[in-house]
Visitor: 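Before we start, here is the structure in question, set down as structure tokens.
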Amino acid sequence: MAKLDQNLTPLFTVLKDVYAKKNVTPFHVPGHKQGNGMDEEFLEFIGRNPLKIDVTIFKMVDGLHHPTSHIKKAQELAADAYGVNQSFFAVNGTSGAIQAMILSVVKSGEKILVPRNVHKSVSAGIILSGAIPIYMNPEIDNNLGIAHGVKPHTVEKMLEQHPDVKAVLIINPTYYGVATDIKKIADIVHSFDLPLIVDEAHGPHLHFHEDLPISAVDAGADICCQSTHKIIGAMTQMSLLHVNSTRVNPNRIQQILSLLHTTSPSYPLMASLDCARRQIATKGRELISKAIELANFTRSELNKIPGVYSFGEEIVGREGVFAFDPTKLSVSVKEMGITGFELERILIEEYNIQMELSDFYNVLGLITLGDSKESVTKLIDALKDISARFFDTKDVKPIKSVRIPSVPEQVLIPREAFYSDTNVIPFDESEDKICAEMIMAYPPGIPIITPGERISKEIIDYVYELKETKTQLQGMDDSDLNTIKIIEEEDAMYIYTEKMKNKLFGVPLNLGADKSGIEFGIDVLVETYPDTFDEIEIIEVNKQRENFNTPNLKYKNTILHTCEKLAKAVDEAIIDGYRPIIIGGDHSISLGSISGVAKTNKNLGVVWIDAHADMNTDETTLTGNIHGMPLALLQGAGDPDMVDCFFKGRKINPKNVVIIGARDIDVREYDVIKELGVKVIHYDDIIRKGMDNVLEEINDYLDIEDIHISLDIDSINPNCAPGVSTPVKNGLDEDDVYKTFKFLFKNYFITSVDIVEYNPTYDKNNKTAHLVKDFTDYILNPIY
Ligand SMILES: Cc1ncc(COP(=O)(O)O)c(C=O)c1O
């Protein structure tokens, strides 16, 4: 219940009853000076009154950026009417308000969960903020051919998969009036202690009638934006941004709105919002009741017409449909063999009726506070006539359903794509290129592809289908889409902030393998690929006195000393917020790197990609080479001094370890694997089941958040990676490794990575060096 006097309109009143009434002599902008300097025809048409209150910021009327009087009061009345902590007038529509909302909850490089079918203003907010969008699929209604909201379960699942998400945005209700279970979503999002922000462009009336879906803030959302010009009586461009939470700071929102807003907001428009708020607060229930009644009447009349379907309450309960706003009147005539696009054209060209939007199946009309029996009768009569002309029960031509293409691969985040150099190429040659522009079917403004995503064959086919149905495609420079702007791979600009958080270490240790050549690997990499490896920090190997009575632990003292040093450096890097990437050296160095990570992470998982299992102990080893032992040592099996590397005891729990790609395991090594219970996915398993299935298996098995990846280059087929000391025939290919990386980065938090066993003396034409460089580049900029 409102506490303030909602009959007041402080902004409109000061403009009309003070400024205009006083006949102030204007020496201020706008230059038309209350209409005196305006084009005559326009003046005659629009009349003088709007121009008399078209002023600029001065003390008498207050300012939008630092409101202290009338605008401040008008905003307070809006907050009171909607029952929220604070409301802001947004003068660049809900588009601008959404951008402000996004900028207030995520910073550059932070992740925000958003539905795929966002309005273009959300994409703009994501570019402006530099955030990383993580897309959720909305529910697609194949009967109606439209997208509904996202389900609470989807939000929950995505938050579990992406624990580093900083905020969640949902659209509710949709353009078609379909609402999801937003209360449940708010509870889920808050259980992760994150803010829920809502694009409620189509819901400024919801709060005022019990027969409508619950409004965002009533359901617990932290911020929402509403297009008050769409449903209630404000003039075009006006929107409200409400804040109702302690998770976001309203002063920050005011600051961001000031960053985005013009310094010359339109006072007639703001006054119209002041009055629209009065109207909805004082008479809203009654006016909305009439609109609902009129919409329901229209819907039931339309549904009596052969070949016409206007969906209503009956869809509640379908996937993604929790409630329905009856004032949204969608009309489908697909049973007449007519698309929504064609129906919209017929209605305007032949019946002088302009609908709000059309899509492949439907047209959408809005029944608002401004409709009457007369206006809806015109629509009903028009559709009766269309039915008589086109509906033929003997020859129903159901429209072929159009698939919604799957979300393309995100190569660059939107902001990176925005700043990368672009080229224009023929659209039909764009398969596999990185898209540099957004393609939208508009209305309703759903992006088919956004900048930074890879253009797939499916996208190209879908665009051709839309072109055939004459759908208006927007967002591109070439509106016919004969050409498209793309980003060549070499022009892609990565400003992904995680890049700054990586720290490269190089450990030129060869004693674990007892093979010379490995120690030169890092030098070759730095010399050949300075862009990638220039800043690598070298952990020097200082030879220690060895006890040659322990042939089963060759060079134990030097290896342990080096690993302790590496562990310390890795631990410090982790504390400073870096992701350590360690380039070997032989695989014994992983004892150091993983011990360093495990110092502050007691629940670390390890994915060991290797032709070998490295699970020998000093008792089972056939060679005494320690590079065959680190994974056992890390799990507490083997020589006690080495098990205690950096800190006492085992570093990882065997149930958090998976070995992938093994194809050379010693007989007694198997006993250690069995005893510890480590999961091994042999190379043969990958061949038999396929990499995708194997990765899913890992997902089911590893129930943890943080993973260290240890990549031994000998996991790869020696034909592709000859530069290793202990080659084993067959093995993974490059794509298998990328697939695994992508999968792991997508599903887990990757704390750290080793790439080991590159030996330049066996390499051919730098083949292996190049692979190490490419893998490192990927890890520095993991796009998944
Ligand atoms: C879901 C959605 N969000 C945001 C907007 C942008 O609103 P506005 O036109 O007020 O800027 C629209 C506009 O159609 C929309 O449909």
Side-chain angles (χ1 to χ4, degrees), residues 78 87-103 112 114-128 133 135-136 138-139 146-150 168-180 182 185 196-206 213 215-216 221 223-242 257 260-262 265-266 269-270 272-273 276-277 320 324-325 327-330 340 344 354-359 362-366 368 438 440-447 450 472 474-475:
S87 297
F88 297 90
F89 283 14
V91 297
N92 188 16
T94 294
S95 303
I98 283 175
Q99 290 160 13
M101 184 163 74
I102 292 173
L103 285 165
I112 180 165
V114 296
R116 181 64 187 166
N117 57 336
V118 284
H119 185 259
K120 66 194 261 190
S121 56
V122 174
S123 309
I126 286 170
I127 292 177
L128 288 175
Y135 293 111
M136 303 181 270
E139 295 306 311
I146 56 175
H148 297 320
V150 288
V168 178
L169 178 144
I170 63 163
I171 310 159
N172 195 66
T174 66
Y175 224 133
Y176 296 87
V178 172
T180 182
I182 184 172
I185 290 180
L196 174 66
I197 64 176
V198 182
D199 172 355
E200 202 179 34
H202 302 290
H205 56 315
L206 301 184
S215 75
I223 323 179
C224 79
C225 309
Q226 305 168 331
S227 291
T228 47
H229 66 94
K230 286 197 201 298
I231 320 286
I232 66 172
M235 283 163 72
T236 294
Q237 224 168 293
M238 291 311 300
S239 172
L240 277 173
L241 186 158
H242 300 297
L257 280 170
L260 299 174
H261 275 163
T262 169
S266 162
L269 301 192
M270 291 194 289
S272 80
L273 174 52
R277 184 269 313 147
F324 177 64
D325 172 2
T327 65
K328 298 291 162 53
L329 199 70
S330 71
E344 184 183 14
Q354 179 58 58
M355 303 303 279
E356 169 70 2
L357 65 82
S358 59
D359 63 37
N362 310 282
V363 293
L364 177 70
L366 310 182
T368 72
M438 183 181 284
M440 301 235 285
Y442 203 86
I446 296 176
T450 65
Q472 212 192 347
Q474 284 192 3

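In listed order, ligands and their atoms are each counted from 1. Since the structure is predicted, the reported quantities are computational estimates derived from the model, not experimental observations.
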Visitor: Report all side-chain donor-acceptor pairs from residues 230-241 shorter than 3.5 Å, counting only partners two or more places apart or in another chain.
Guide:
| residue | atom | partner | partner atom | Å |
| --- | --- | --- | --- | --- |
| Q237 | NE2 | V91 | O | 3.2 |
| S239 | OG | T94 | OG1 | 2.9 |
| S239 | OG | Q226 | O | 2.8 |

Visitor: Between the side chain of E200 and the main-chain N/O of A216, is any donor-acceptor distance below 3.5 Å?
Guide: yes

Visitor: Would you sort out whether L364 and N362 count as a side-chain contact (heavy atoms from CB on, under 4.5 Å), showing the intermediate values?
Guide: CA-CA 6 Å; L364 177 70; N362 310 282; over 6 Å; no

Visitor: Is D325 reaching over with its side chain to a backbone N or O of T327, donor-acceptor style, under 3.5 angstrom?
Guide: yes

Visitor: Before signing off on this row, confirm whether S121 and ligand 1 have an N or O atom pair separated by under 3.5 Å.
Guide: no

Visitor: Between CG of L196 and CD1 of I223, what distance do you get to the nearest 0.5 Å?
Guide: 9.5 Å

Visitor: Applying a strict 4.0 Å limit to heavy atoms, is Q237 in contact with ligand 1?
Guide: no

Visitor: Taking 4.0 angstrom as the limit and counting only heavy atoms of Y175, give me the atoms of ligand 1 inside it, by number and element.
Guide: 14 (O), 16 (O)

Visitor: Out of H119, E200, Q99, indicate the one that has the non-hydrogen atom closest to atom 5 (C) of ligand 1.
Guide: H119

Visitor: What is the minimum heavy-atom distance between H261 and F89, and which atoms define it?
Guide: CE1-O, 3.5 Å

Visitor: Please work out whether any backbone atom (N, CA, C, O) or any side-chain heavy atom from C-beta onward of T94 is under 4.0 Å from ligand 1, and answer side chain, backbone, both or neither.
Guide: both

Visitor: Identify, with sequence neighbours excluded, every residue that meets ring pair (Phe, Tyr, Trp, His ring centres under 6.0 Å) alongside H202.
Guide: Y175

Visitor: What atoms in ligand 1 come closer than 4.0 Å to a heavy atom of H202?
Guide: 1 (C), 2 (C), 15 (C), 16 (O)

Visitor: Looking only at distance, does S227 have an N or O less than 3.5 Å from an N or O of ligand 1?
Guide: yes

Visitor: Just which atoms of ligand 1 are under 4.0 Å from any heavy atom in G93?
Guide: 10 (O), 11 (O)

Visitor: Ligand 1 versus V122, non-hydrogen atoms closer than 4.0 Å: side chain, backbone, both, neither?
Guide: neither

Visitor: Just heavy atoms, cut-off under 4.0 Å: does A201 contact ligand 1 by side chain, backbone, both, or neither?
Guide: side chain

